[in-house]
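One structure coming up, written as structure tokens, with questions to follow.
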Protein chains: 2
Amino acid sequence: MKDGPDIARIAALIGDPARANMLTALMSGKALTATELSQEAGITLQTASSHLAKLGAGGLLMPRKQGRHKYFSLANDEVAHVLEALMGLAAGSGHLRTRTGPRDEELRKARVCYNHLAGHMGIQMYDSFLRQGFLDIGTEGLTLTKTGASFVRDFGIDLDGLTAKKSPLCRECLDWSERRSHLAGSLGRALLAQMENLSWAKRIPESRIVRFTKAGQTEFDATFQR
Amino acid sequence: MKDGPDIARIAALIGDPARANMLTALMSGKALTATELSQEAGITLQTASSHLAKLGAGGLLMPRKQGRHKYFSLANDEVAHVLEALMGLAAGSGHLRTRTGPRDEELRKARVCYNHLAGHMGIQMYDSFLRQGFLDIGTEGLTLTKTGASFVRDFGIDLDGLTAKKSPLCRECLDWSERRSHLAGSLGRALLAQMENLSWAKRIPESRIVRFTKAGQTEFDATFQR
DNA sequence: TTCATAGTTCGACCGTAGTCGAAGCATTTG
DNA sequence: CAAATGCTTCGACTACGGTCGAACTATGAA
């Protein structure tokens, strides 16, 4: 009776309407909180919590704790592939709905997150690092590549000083507004500090907004938009 | 709450262990009877019947009645694709088990089925027709193409005589031993009759075996094996 | 510190769906 | 025709799992 891979187990996980709704909501690629997902599915938070625990245990979801929020995203591409295949079979075209965070335009664009750069520009920088091969996504956590190290040094950062400390150099941080990962860790903090040093930007007091100068914006784009 | 394509519905269908076992058994591409599938799933025939009805209504299975048997196969490639994706996610490599029909070697090779050719050679001819574009699989049933018609005429069959009758010219028939479709209908019967006319083969009395002569076999291979 | 918000755990309720025995059709075989 | 085989339908039982209220923990804000 036992047919090797237990397709019934995961199909049953997807087979509950509430869970299916959560999973399809996550197909956008963005991470959502438990509360948002509960609304997405039309169920209470308690019920959602139980569902999310099951999906996590089943290997379909990747939960990440961020402060007092818990963000969920699809565990990997294969999960998305299965969902897409199911959508195809279920005929009709796939809908996606999402509903994301901060209202303030400036906050969305660039803000401080534990002293590193977050928001659209944070994502922009992170993507640029990945594109240029400055960062390597290993089994557990990010590492700075050789080319990445030399770039960072050229940018004016005391890399040796950072690595001397015990706090992690590179970490992924889930962006609030963009709902994607960006660069955190001591390197992330140092990069933002250096941008402030170079007078590219400054923090607006009494808020988390990071406001770039016109020149600073140009420099940033030239440096990180390739 | 309603997310367009109802992936939960079909995922739930696959999500039951008994149904999942039946579906994986059908991944071989061969059609299986309700009884065989019930054994495959380790449940009684009554329960299996209910499951199979649901899978049919859900569009995952294609049932075909053949005498007092009912054969089930996956409805289409997309279903197989979903199952394969699920197997991938469920990790581990997929097992397949099957258990097919007739014992007698000669019967498996070539036999009569409602006066048309069945068994391995029947499949061979059917595949050859499809490969050469003699048959066209439309929305409902097979049709003979122009090139197919001229081939058939060259083979010595009175095609006009056949089309004059009201019984269907081409029909699919599910092969007992191969568990795949082959050509039935009046054309199928005429083709077998012509092979007997040409002394390629003759029927063995008191059985359904069709025995080809050595020369007939050679001719058949030359004609239908491309 | 206290309060508010996000999420988890516990317990109880309820419904749905899987299961099988028994009886009923349908088709083939003798 | 009767008997046998393959499958379906009906009905009853059972259990698993989804659901929510209430209480609890953890993190952040005032």
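Each chain gets a letter, A, B and so on, in the order its sequence line appears, and its residues count up from 1. These numbers were taken from a predicted model, which means no experiment stands behind them. Hydrogens, waters and symmetry mates play no part in the numbers below; they use all other heavy atoms, side chains included.
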Using whole Å, report how far CG of Leu13(A) lies from C1' of dG18(D). 13 Å
In terms of side-chain heavy atoms, does Lys109(A) have a donor or acceptor partner in Gln124(A) at a distance below 3.5 Å? no
Distance in angstrom units between Arg64(A) CZ and dT27(D) P, rounded: 18 Å
Check the distance between dT16(C)'s C1' and His51(B)'s NE2 and give it to me in whole angstrom. 14 Å
Residues two or more places apart in sequence or in another chain: which of them pass side-chain contact (heavy atoms from CB on, under 4.5 Å) with Ala75(B)? Val79(B)
With a 4.5 Å cut-off on side-chain heavy atoms, are Leu74(A) and Leu83(A) touching? yes
Distance check needed: dG6(D) C1' versus Gln66(B) CD, whole Å only. 14 Å
Whole angstrom value for the distance that separates P of dT19(C) from CG of Asn21(B): 10 Å
Taking the side chain of Thr44(A) as its heavy atoms from C-beta onward, which of dG18(C), dG21(D), dC20(C) lies nearest to it? dG21(D)
Is any side-chain heavy atom of Ile43(B) closer than 4.5 Å to one of Asn21(B)? no
Using atom NZ of Lys54(B) as one end and atom C1' of dT9(D) as the other, report the distance to the nearest whole Å. 13 Å
d(CD1, Ile43(A); P, dG17(D)) in whole Å: 16 Å
Where along nucleotides 1-11 of chain C does protein come under 4.0 Å, by heavy atom, of base (B) or sugar-phosphate alone (S), with - for untouched nucleotides? ---BBSBBB--
side-chain hydrogen bond (donor to acceptor under 3.5 Å, both in side chains) between Thr47(A) and Thr44(A), intermediate numbers included: CA-CA 5 Å; Thr47(A) 309; Thr44(A) 62; 3.0 Å; yes
Integer-rounded Å distance: dC7(D) P and Leu61(B) CG: 13 Å
Indicate whether any N or O donor in one side chain lies under 3.5 Å from an N or O acceptor in the other, for Thr33(A) and Glu36(A). yes
